[in-house]
Enquirer: 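Mind looking over this structure? Questions follow.
Positions are given from 1, in the same order as the sequence printed here. The figures here come from the full heavy-atom set of this structure, side chains too, leaving out hydrogens, waters and symmetry mates.
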Amino acid sequence: MSIRHGLLALLERGPRYGSQLRTEFESRTGSTWPLNVGQVYTTLSRLERDGMVAQGGEDAAGHALYAITDSGRAELRTWFEKPVDRTSPARDELAIKLAMAVGAPSVDIRDVIQSQRRHTVKAMQDYTRLKAQALVAVESGGARERDDVAWLLVLEQLIFQTEAEARWLDHCESRLIRLSAAAPAPAPAANPAPHADAPTAASASRSEATAATAADAPSATARPGAEAAPPVAGAR
């Protein structure tokens with residue numbers, strides 16, 4: 001936001017003092033970007049240093065008045081004619097926040113998106129209600145019609161901005177869902193192959209069955225049907 005050019009635009013309508021410039025600036029923008037008197041007088045001092053404004057006496061109440069110079073008018077004309085530079089965009093906190101949330105530990109980026117979407121939609125609804133009030137003021141006419149039209153344009157810019165932000169948040173969420181679905185599933189861990197000398201479960205079962213069969217079978221040297229001989233009496 002260019003405070004200096006905004007003040008020059010107001011001074012082109014006639015000499016003003018500091019707090020008067022602040023009031024008119026906020027009236028034009030609906031206090032969307034509030035100023036304090038210190039900012040106004042600091043900017044006026046710099047404009048005076050650069051030869052774009054000059055003090056032009058005082059009003060009846062003793063306020064020091066500032067007037068735009070020819071150099072200031074030329075600067076203002078150049079500002080109106082030159083497009084706003086978009087090649088070096090200002091830092092956007094939301095874009096930076098989402099960029100840092102990607103892959104951040106203990107952060108669910110979807111929660112960040114949903115929380116911001118709720119806030120953005122609420123802001124858009126608030127701006128829409130204010131727009132309805134501004135439209136009534138413009139249509140009714142009056143001494144402040146110029147300020148009401150200016151405020152209406154600012155509100156509509158804010159509405160378009162929040163609408164675009166909400167669509168971008170929807171796009172971010174859809175993008176993350178698609179990327180998550182397209183990500184390859186992790187491969188299952190391979191079971192280690194058994195050692196060549198280690199018995200498997202099947203071979204162990206076969207060994208146990210063979211041993212049991214051998215225990216139940218008669219001795220190969222015993223005659224079928226033979227009984228064990230009794231001990232010889234008196235044998236030593």
Side-chain angles (χ1 to χ4, degrees), residues 1-44 47 52-53 59-61 63 65-68 72-73 75-86 89-95 97-98 112-173:
M1 179 185 61
S2 179
I3 298 175
R4 58 188 276 124
H5 292 105
L7 297 184
L8 287 174
L10 294 173
L11 288 173
E12 192 178 32
R13 299 171 59 186
R16 302 281 194 279
Y17 55 88
S19 58
Q20 183 182 10
L21 287 168
R22 183 195 65 175
T23 300
E24 293 187 11
F25 184 93
E26 293 183 351
S27 178
R28 283 292 188 96
T29 61
S31 299
T32 304
W33 303 284
L35 298 177
N36 60 57
V37 175
Q39 284 179 290
V40 172
Y41 279 106
T42 298
T43 305
L44 287 172
L47 289 171
M52 297 182 188
V53 302
D59 65 0
H63 299 116
L65 297 175
Y66 291 83
I68 191 171
R73 289 189 180 88
E75 173 68 18
L76 182 62
R77 187 164 51 251
T78 300
W79 181 60
F80 280 131
E81 293 172 354
K82 184 178 179 181
V84 175
D85 185 15
R86 298 300 188 191
R91 293 184 185 91
D92 187 290
E93 183 179 358
L94 177 57
K97 180 188 290 188
L98 292 188
V112 177
I113 291 173
Q114 291 169 7
S115 174
Q116 182 63 46
R117 184 191 291 112
R118 288 192 295 269
H119 175 80
T120 300
V121 170
K122 183 181 182 303
M124 182 169 56
Q125 293 169 345
D126 293 340
Y127 294 145
T128 302
R129 283 193 291 269
L130 291 173
K131 175 185 174 181
Q133 298 173 12
L135 280 171
V136 171
V138 169
E139 292 170 356
S140 64
R144 297 186 64 254
E145 182 178 0
R146 181 185 300 180
D147 290 345
D148 291 333
V149 171
W151 174 219
L152 178 61
L153 294 178
V154 171
L155 279 172
E156 289 175 335
Q157 191 271 344
L158 294 172
I159 291 171
F160 286 129
Q161 190 177 57
T162 49
E163 285 178 345
E165 184 172 282
R167 289 197 302 272
W168 176 66
L169 289 168
D170 290 341
H171 168 79
C172 290
E173 190 170 40

Enquirer: Please enumerate all residues that pass ring-ring contact (aromatic ring centres under 6.0 Å, His included) together with His119, with sequence neighbours excluded.
Expert: none
Enquirer: Among all residues two or more places apart in sequence or in another chain, which pass the side chain to side chain donor-acceptor pair (under 3.5 Å) test with Asp126?
Expert: Lys122, Arg129
Enquirer: Taking salt bridge (charged side-chain N to carboxylate O under 4.0 Å, His left out) as the test, write out the residues that go with Arg73, two or more places apart.
Expert: Asp70
Enquirer: Using the side chain to side chain donor-acceptor pair (under 3.5 Å) criterion, which residues pair with Thr162? Sequence neighbours excluded.
Expert: none
Enquirer: Closest approach of Leu8 and Gly72, non-hydrogen atoms and distance?
Expert: CD1-O, 4.0 Å
Enquirer: How would you list, by chain and number, every residue that makes a side chain to side chain donor-acceptor pair (under 3.5 Å) with Ser27, sequence neighbours excluded?
Expert: Arg144, Asp147
Enquirer: Who passes ring-ring contact (aromatic ring centres under 6.0 Å, His included) against Trp79, sequence neighbours left out?
Expert: His5
Enquirer: Rounded at 0.5 Å granularity, tell me how far CZ in Arg118 sits from CG in Leu169.
Expert: 11.5 Å
Enquirer: For residues 34-44, tabulate all N or O donor-acceptor pairs below 3.5 Å that involve a side-chain atom, not counting sequence neighbours.
Expert:
from: Asn36; atom 1: OD1; to: Gly38; atom 2: N; distance (Å): 3.0
from: Asn36; atom 1: OD1; to: Gln39; atom 2: N; distance (Å): 2.7
from: Asn36; atom 1: ND2; to: Gln39; atom 2: OE1; distance (Å): 3.4
from: Gln39; atom 1: OE1; to: Asn36; atom 2: N; distance (Å): 3.1
from: Tyr41; atom 1: OH; to: Gly18; atom 2: N; distance (Å): 3.2
from: Thr42; atom 1: OG1; to: Gly38; atom 2: O; distance (Å): 2.8
from: Thr43; atom 1: OG1; to: Gln39; atom 2: O; distance (Å): 2.8

Enquirer: By the definition side chain to side chain contact (heavy atoms under 4.5 Å, CB included), identify the one residue from Val53, Leu76, Leu21 that meets it with Leu7.
Expert: Leu21
Enquirer: Yes or no on side chain to side chain contact (heavy atoms under 4.5 Å, CB included) for Arg167 and His171, after CA distance, side-chain angles and deciding distance?
Expert: CA-CA 6 Å; Arg167 289 197 302 272; His171 168 79; over 6 Å; no
Enquirer: Measuring from Ile68:CD1 to Leu47:CG, what's the distance to the nearest 0.5 Å?
Expert: 8.5 Å
Enquirer: For Val138, which residues count as a side-chain contact (heavy atoms from CB on, under 4.5 Å) partner, sequence neighbours excluded?
Expert: Asp148, Val149, Leu152
Enquirer: If I compare all heavy atoms of Ala134 with all of Trp151, which pair ends up nearest, and what's the gap?
Expert: CB-CD1, 4.2 Å
Enquirer: Work out which heavy atom in Phe25 is nearest to a heavy atom in Leu10; give both atom names and the distance.
Expert: N-CD1, 3.7 Å
Enquirer: Carefully, step by step, assess Glu163 and Phe160 under the rule side chain to side chain contact (heavy atoms under 4.5 Å, CB included).
Expert: CA-CA 5 Å; Glu163 285 178 345; Phe160 286 129; 3.6 Å; yes
Enquirer: Run the side-chain contact (heavy atoms from CB on, under 4.5 Å) test against Ala95 and tell me which residues pass, sequence neighbours left out.
Expert: Asp92, Trp168
Enquirer: First locate atom CD1 of Ile159, then atom OG1 of Thr128, and finally report the distance between them rounded to the nearest 0.5 Å.
Expert: 4.0 Å
Enquirer: With side chain to side chain contact (heavy atoms under 4.5 Å, CB included) as the test, would you mind laying out the steps for Leu130 and Gln133 before giving the verdict?
Expert: CA-CA 5 Å; Leu130 291 173; Gln133 298 173 12; 3.9 Å; yes
Enquirer: Can you measure from NZ (Lys97) to OG (Ser115) and round to the nearest 0.5 angstrom?
Expert: 7.0 Å
Enquirer: Do Met124 and Thr120 come within less than 4.5 Å of each other through their side chains, counting heavy atoms only?
Expert: no
Enquirer: Arg117: what forms a side chain to side chain donor-acceptor pair (under 3.5 Å) with it, not counting sequence neighbours?
Expert: Asp170, Glu173
Enquirer: According to salt bridge (charged side-chain N to carboxylate O under 4.0 Å, His left out), does anything in residues 9-21 pair up with another residue at least two apart or in another chain? List the pairs.
Expert: Arg16-Glu24
Enquirer: Before giving the answer on side chain to side chain contact (heavy atoms under 4.5 Å, CB included), spell out for Gln161 and Glu165 the whole-Å C-alpha distance, their side-chain angles and the decisive distance to 0.1 Å.
Expert: CA-CA 6 Å; Gln161 190 177 57; Glu165 184 172 282; 5.9 Å; no
Enquirer: How many angstroms lie between CD in Gln20 and CG in Leu11, if you round to the nearest 0.5 Å?
Expert: 9.0 Å
Enquirer: Which residues pass the ring-ring contact (aromatic ring centres under 6.0 Å, His included) test with Tyr127, sequence neighbours left out?
Expert: none
